[in-house]
Amino acid sequence: GEAATLRIGVLKFGTVNWELDAMQRAGLDKQAGLDLSVVPFAGETASAVALQGGGVDMIVSDWLWVSRQRAEGADYTFVPYSTSVGSLMVPETSAVNTLGDLKGKTIGVAGGPLDKNWLLIQALAKKDFGIDLAAANTIVYGAPPLLTEKAREGELDAVLNFWHYAARLEAQGFRTLISGSDAAMKMGASGPVASIGWVFRDRFAKDHPDVIADFLKADAATKQLLATSDAAWETLKPLMKAKNEKTFEILRERYRDGIPQRSPADEQKDTAKLYTILANIGGAKLVGPAPALVKGTYYDGKANGS
Amino acid sequence: MALEAPSLSAPSVISRLAPGLVTLASLAGLLALWWITATFADSRVLPTPPQVAAAFWRDAVSGEMEFHLAMTLMRVAAAFVIAMVIGSAIGIALGMNREANRFFDPWLILFLNLPALVVIVLAYIWFGLNEAAAIGAIAVNKIPNVVVTMREGARALDRDLDEMARVYRFSTVKTLRHVVLPQLQPYFAAASRSGISLIWKIALVVELLGRSNGVGFQINLYFQLFDVASILAYTLAFVAVMLIIEFALVQPFEAYSTRWRPKRA
Amino acid sequence: MALEAPSLSAPSVISRLAPGLVTLASLAGLLALWWITATFADSRVLPTPPQVAAAFWRDAVSGEMEFHLAMTLMRVAAAFVIAMVIGSAIGIALGMNREANRFFDPWLILFLNLPALVVIVLAYIWFGLNEAAAIGAIAVNKIPNVVVTMREGARALDRDLDEMARVYRFSTVKTLRHVVLPQLQPYFAAASRSGISLIWKIALVVELLGRSNGVGFQINLYFQLFDVASILAYTLAFVAVMLIIEFALVQPFEAYSTRWRPKRA
Amino acid sequence: MPPAGGQNALEVEIRDKVFRGADGVDVRAIADIAFAVEPASFATLIGPSGCGKTTTLRIILGLDSEFSGQLRLPENEPRRIAAVFQEPRLLPWRTVEDNVRLALADDATDRDLSDLFAALGLSEMRGRFPGELSLGLARRAALARAFAIRPSLLVLDEPFVSLDEQTAGRLRNLLTEVWSARPTTALMVTHNLREAVQLSDKIIFLTERPARIRGIHEISTPRAERDTRWRETTLSTVAKRYSGVL
Amino acid sequence: MPPAGGQNALEVEIRDKVFRGADGVDVRAIADIAFAVEPASFATLIGPSGCGKTTTLRIILGLDSEFSGQLRLPENEPRRIAAVFQEPRLLPWRTVEDNVRLALADDATDRDLSDLFAALGLSEMRGRFPGELSLGLARRAALARAFAIRPSLLVLDEPFVSLDEQTAGRLRNLLTEVWSARPTTALMVTHNLREAVQLSDKIIFLTERPARIRGIHEISTPRAERDTRWRETTLSTVAKRYSGVL
Ligand SMILES: Nc1ncnc2c1ncn2[C@@H]1O[C@H](COP(=O)(O)OP(=O)(O)OP(=O)(O)O)[C@@H](O)[C@H]1O
Ligand SMILES: Nc1ncnc2c1ncn2[C@@H]1O[C@H](COP(=O)(O)OP(=O)(O)OP(=O)(O)O)[C@@H](O)[C@H]1O
Ligand SMILES: [Mg+2]
Ligand SMILES: [Mg+2]
């Protein structure tokens with residue numbers, strides 16, 4: 001019969017767009033009986049506005065945001081998408097080798113003071129080295145591309161940036177001091193946690209349970225394809241805007257690293273743990289009114305759908 | 001500082017013959033300045049004219065540039081007309097009516113200082129992610145600025161001419177058209193010029209936050225890649241359109257509508 | 001539309017006695033309107049006054065609000081002064097000098113239409129992620145708007161008074177101070193009011209892109225969390241400061257400097 | 001020719017008119033003025049500079065209603081009032097002709113004005129803007145506007161200053177023509193007593209500020225009989241009674 | 001008292017002055033004018049309305065340099081020129097007193113002006129804004145400004161219109177006083193021949209536009225001896241030669 005339409009809001013130059021593009025090229029959406037409509041946006045927050053305004057049915061965001069919105073009455077829910085989040089990068093030649101070496105430096109932080117990775121890394125630094133990163137250094141919050149550029153120019157000694165910016169930096173002679181998921185594991189997570197995922201409304205899932213199921217199936221198939229086939233990546237090249245082959249390869253590898261391997265149930269357990277840690281550091285300001293991960297944050301076909 | 005002394009006829013004849021030449025020289029000067037700065041700066045952040053031209057050419061040939069430019073121009077034009085009409089009407093009314101002005105002044109200050117972000121997000125969420133919401137949000141951002149400028153103009157209206165119009169029983173429309181609006185022309189010109197630019201800047205934000213096309217959309221994409229050449233290519237394409245409108249439409253119209261002013265020089 | 005007819009003395013005495021009352025009524029009306037809309041909309045996106053008050057109180061008690069507000073006000077004030085001084089000087093010069101204007105007009109249009117993003121990013125890249133770059137970027141964004149408004153004012157200057165000043169050998173400073181600037185007062189008022197608001201809007205972007213404090217920084221933080229109540233709390237705090245400045249400083253000053261104008265009503 | 005000038009007289013009674021100066025001091029412009037101008041007659045106000053003449057006219061024109069006293073305008077339809085202000089008050093962005101035409105009622109905008117412009121020496125200036133006129137030409141354009149609408153009440157504030165004697169004389173004759181072709185109630189302010197005795201049925205003399213009525217001089221001699229001899233006699237009679245006006 | 005009025009005469013020679021109208025048509029304002037005003041003497045220009053008098057004054061004042069011909073101003077230091085324009089041209093946002101003081105040289109801003117204001121009937125108006133003045137008062141304020149700076153060249157464009165006869169007479173006497181206390185080269189435009197013969201050493205009559213010299217009438221009778229009889233005789237002599245000026 002008629003394929004059901006699913007509108008997904010994505011960042012035009014973001015990794016989600018690569019994945020959906022690969023899905024459509026390989027016809028995996030059609031195979032799953034989906035009519036996928038990709039709505040590109042130019043800004044990080046645009047897709048969130050679009051979901052709120054009903055312009056799209058699904059976006060990619062993180063569980064912290066979902067939990068907080070749920071606590072405030074929204075009915076968003078979450079399915080893991082990737083464990084790649086962000087990394088704290090330093091120049092290859094930098095003398096900084098551990099978080100403990102970061103003292104009196106200038107650190108750029110994309111995502112602002114309430115960024116999850118930043119909070120985890122701060123907590124880790126305090127736990128392992130007893131230093132307060134925010135107090136012992138000059139912290140510069142700013143737009144990710146600007147911070148990347150500033151790091152390249154050497155105005156910043158270290159920069160915490162989203163994963164594809166970090167990957168591009170890696171191609172330009174930077175190395176990872178610590179990644180967000182490493183920090184999470186050192187803080188007690190049992191494995192890499194997918195902190196970003198597909199986000200949609202309970203209502204939508206309830207009205208179109210098949211669409212969600214079909215989409216998740218198609219997505220799994222796409223991830224499988226991208227994990228194994230280099231050829232599939234060649235067609236994505238123009239979308240990725242990689243400056244050179246090296247950047248391209250690093251982006252591809254880091255993407256593959258980020259494919260979630262664990263079951264959602266395991267993820268959820270670790271997430272609950274991390275949530276508590278984050279709630280302790282960030283307080284109500286970060287997590288909103290709920291002291292623990294709000295029930296229903298993780299999509300569970302039956303619970304959310306009914 | 002006395003206003004410039006009247007010059008003798010010779011030089012002003014030259015400049016009257018060749019205003020196009022001056023504009024050309026001006027643009028050439030700008031280009032030279034840019035080229036030199038870019039060459040010396042030698043930074044990825046300030047590309048040279050050929051680099052920008054290449055970026056321009058790439059997107060122009062593919063038709064992308066034209067499409068996005070057309071979308072943005074459509075939004076800018078629609079929001080401009082709405083904002084100027086509504087803003088002028090409110091501004092003139094407030095400038096002429098002290099009591100109303102006293103009451104609405106705080107509202108005006110509020111709307112003037114609402115961040116574009118707030119208005120845009122509210123518009124998208126209430127009215128959906130559609131063109132009407134986008135254009136409406138741009139207009140709402142600009143209206144208070146038009147109001148403020150036109151209100152000053154209305155406050156400075158000449159009382160003598162108004163009295164003349166009252167004595168001779170000019171109708172409201174006649175007074176507005178022949179007495180009030182010509183006096184407001186400079187304010188209108190100021191509000192439109194700075195208005196177009198403000199509207200275009202807000203359009204960029206609107207397109208960033210919820211449209212899938214337009215120059216703002218493209219500029220923000222290229223910003224993520226830190227591709228300044230492409231950003232400048234789109235910017236300059238828009239500026240070029242503005243320059244053409246300015247020199248082909250606005251300035252001839254202004255020269256005509258202010259021909260009554262005693263000439264200086 | 002005849003300018004409002006002079007009213008009899010009684011009502012205007014009342015309104016002269018109680019301008020504060022009118023302002024209060026106005027603010028109350030605004031609050032009521034908001035409350036009703038928010039209650040009916042019943043949306044997370046438009047919180048009610050108490051919700052915003054709670055968010056305000058939370059950040060005000062912790063001292064955060066005051067800190068960020070102070071930072072933003074500092075930037076706004078510095079950029080405002082720079083932009084008004086430089087912009088007025090250029091605008092008056094261009095308005096008085098046809099040739100210079102013809103040459104620089106295209107430049108002006110270019111700078112007018114440079115997206116804030118481009119200027120801000122270039123400033124941060126060239127001058128570093130520091131306060132000077134931030135303030136400079138805001139000022140550069142605003143200057144062309146001031147130029148455009150003041151230029152219209154300078155073009156509309158009264159030739160008769162200028163001739164009087166020349167005959168009586170007024171010095172440049174005297175002419176500027178006593179002949180030119182008073183005529184430009186309405187343009188200056190328009191440029192400042194809409195200027196402050198534009199500057200503050202750009203300050204938000206500047207703080208978003210590369211500062212670690214200020215209202216814009218906070219608003220963007222809360223925007224990521226979709227916490228509209230907090231966004232409005234910060235917005236209204238800024239608006240409140242603007243209202244206080246307007247009513248305590250600007251309006252008394254304006255009333256004084258325009259007391260020579262024949263009164264209407 | 002339709003009768004004009006209305007059924008009743010223009011009755012002016014201003015008991016008090018005070019301005020509040022920007023320096024906070026009150027300025028009493030008019031203390032007590034009361035006079036009437038009969039329908040279709042011509043009255044002139046004469047008084048020292050700054051005594052309150054323009055203020056009186058503004059009150060009559062309805063431009064100032066903050067005074068104590070009362071006012072009765074000639075009632076007739078269509079009620080058309082024309083005023084020549086002390087300055088020309090032309091719209092600088094409209095040509096001379098447009099300035100005049102704009103004042104015409106909507107059903108009369110096509111009226112042929114060539115004769116009027118010719119009589120005022122403005123034929124050549126019809127298409128020019130006010131900024132290109134000499135002051136005398138601009139004042140004539142203002143007169144053209146007032147005459148063009150064929151008013152039922154004509155208010156003139158020193159209409160013939162800044163004109164050479166020859167032109168002024170011609171325009172006075174024109175005024176008499178316009179006024180008698182279609183009788184109109186007219187009130188003029190002037191400092192020129194010769195002009196007043198030539199044109200008026202009634203001359204109202206005002207005192208120094210605050211203005212009061214100093215005296216009213218009625219003239220019953222028909223205009224046609226006002227020759228040079230008559231004028232000189234009248235002038236000296238009036239000048240004797242009201243010192244300082246000649 | 002320092003000698004003033006300069007060493008040489010004011011020499012004016014305008015061979016051609018054409019305005020380009022906004023409608024594109026050229027308007028020839030002045031065809032050929034040449035005259036000289038001796039140092040410390042008083043000359044008057046008389047001509048029909050719109051003939052080019054104000055244009056001539058503007059050229060002399062240096063406000064218009066697009067003409068063919070040449071100009072020689074009296075050379076003396078400090079060179080102070082005062083002009084009374086055809087309209088008051090006061091700064092509306094400055095009080096009457098400030099308007100006058102602003103025109104004073106920087107070393108004279110404290111000059112006591114009470115007598116001047118009193119003589120002009122402006123004592124009460126010093127602190128008022130021009131918008132609060134009647135036209136006659138505003139013209140007097142413009143005269144006060146011109147007199148206050150003790151100019152070496154005084155240019156007056158119909159200074160005494162819009163004033164009642166008594167005030168005008170007083171001001172003419174004041175002008176004579178100011179002018180003779182500190183001899184100044186003066187050039188006045190007027191339409192009032194009586195005023196001209198009372199004040200001038202030389203009357204220059206102009207033709208209709210485009211202006212040419214119609215004739216120059218020199219007056220050598222000392223001002224003190226110009227009584228009523230003398231004036232009437234002179235007036236009729238002049239009026240006979242130059243028809244239409246009285
Ligand atoms: N708006 C005002 N505010 C304060 N005082 C005013 C105002 N308008 C007029 N006056 C004062 O009222 C008095 C009368 O003014 P008005 O203009 O009626 O005089 P006038 O008789 O027409 O004089 P003139 O012959 O000089 O035109 C003057 O002293 C003037 O200064
Ligand atoms: N800027 C201008 N553009 C075009 N024509 C002008 C301009 N200024 C003056 N004229 C014309 O030049 C002629 C002379 O003007 P001017 O002002 O010198 O006359 P005037 O002798 O002073 O007259 P009045 O006695 O009426 O003041 C007039 O016909 C006038 O219309
Ligand atoms: Mg008057
Ligand atoms: Mg003149």
Side-chain angles (χ1 to χ4, degrees), chain B residues 1-4 15 19 22-23 26-27 30 45-46 96-99 102-104 106-107 109-110 112-118 122 125 145 148-149 152-153 155-157 159 162 165-166 172 175-176 180 186 189-190 193-194 197-198 200-201 204 219 223 231 235 238-239 242-243 246 262 265, chain C residues 1-4 15 19 22-23 26-27 30 45-46 96-99 102-104 106-107 109-110 112-118 122 125 145 148-149 152-153 155-157 159 162 165-166 172 175-176 180 186 189-190 193-194 197-198 200-201 204 219 223 231 235 238-239 242-243 246 262 265:
Chain B
M1 174 166 51
L3 306 187
E4 45 166 347
S15 68
V22 177
T23 306
S26 163
L27 290 173
L30 197 58
V45 186
L46 187 65
M96 284 181 173
N97 189 329
R98 241 166 204 278
E99 314 293 309
R102 190 169 285 146
F103 186 81
F104 286 109
W107 297 38
I109 295 174
L110 173 75
L112 208 48
N113 291 302
L114 270 191
L117 184 74
V118 172
L122 288 182
I125 291 191
N145 288 63
V148 159
T149 305
E152 288 304 328
R155 275 185 190 154
L157 283 175
R159 201 183 57 157
D162 174 60
R166 276 164 64 192
T172 303
T175 307
L176 201 60
V180 174
R193 285 231 175 67
S194 76
S197 86
L198 180 59
W200 135 258
K201 287 175 187 181
L204 299 186
I219 285 186
F223 175 54
I231 293 180
T235 301
F238 181 83
V239 170
M242 286 300 113
L243 279 173
E246 172 83 12
Chain C
M1 173 167 48
L3 307 187
E4 47 168 342
S15 67
V22 177
T23 307
S26 163
L27 290 173
L30 197 58
V45 186
L46 187 64
M96 284 180 172
N97 188 330
R98 239 168 205 278
E99 314 292 310
R102 191 169 284 146
F103 186 82
F104 286 109
W107 298 38
I109 294 174
L110 172 75
L112 207 48
N113 291 302
L114 272 191
L117 182 74
V118 172
L122 288 182
I125 294 284
N145 287 64
V148 159
T149 304
E152 289 304 327
R155 275 185 189 155
L157 282 176
R159 203 184 55 158
D162 173 60
R166 276 164 63 193
T172 304
T175 307
L176 201 59
V180 173
R193 285 229 176 68
S194 75
S197 86
L198 180 60
W200 135 258
K201 287 175 186 180
L204 298 187
I219 285 186
F223 183 48
I231 293 180
T235 299
F238 182 83
V239 170
M242 287 299 113
L243 279 173
E246 171 84 13

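Here the structure is a predicted model, which means the values were calculated and not measured. FYI, side chains are in, hydrogens and waters are out, and symmetry mates aren't considered; it's all heavy atoms of this structure. Proteins get letters first, then strands, A, B, ... in listed order; numbering begins at 1 in each.
With sequence neighbours left out, B:Ala189 forms a side-chain contact (heavy atoms from CB on, under 4.5 Å) with B:Gln185, B:Arg193, B:Glu254, C:Glu152.
Note: B:Leu30 leads B:Leu30, B:Thr235, B:Leu27 in heavy-atom pairs under 4.5 Å with chain C. Taking chain B as the reference chain and counting heavy-atom pairs below 4.5 Å, the highest number among C:Asn145, C:Ile231, C:Leu204 is found for C:Asn145. The candidate with the highest count of non-hydrogen atom pairs below 4.5 Å against chain C, out of B:Ser197, B:Ala116, B:Ala165, is B:Ser197. Among C:Trp200, C:Phe104, C:Phe238, the residue making the largest number of heavy-atom pairs under 4.5 Å with chain B is C:Trp200. Of the residues considered (C:Gly153, C:Ala190, C:Ser194, C:Ser26), C:Ser26 shows the highest number of contacts with chain B, using heavy-atom pairs under 4.5 Å.
C:Leu243 approaches B:Pro106 most closely through the heavy-atom pair CD2-CA, 3.8 Å. Of all heavy-atom pairs spanning C:Pro115 and B:Ile219, the tightest one is CG-CD1, 4.0 Å. The shortest non-hydrogen separation linking B:Lys201 to C:Leu114 is CE-O, 3.2 Å. Considering all non-hydrogen atoms of both residues, B:Ile109 and C:Glu246 come closest at CD1-CG, 3.3 Å.
Interface residue B:Phe103: backbone and side-chain heavy atoms are both found under 4.5 Å from chain C. Both the backbone and the side chain of B:Leu112 have a heavy atom closer than 4.5 Å to some heavy atom of chain C. For B:Leu110, the parts lying near chain C are the backbone and the side chain together; criterion is any non-hydrogen pair under 4.5 Å.
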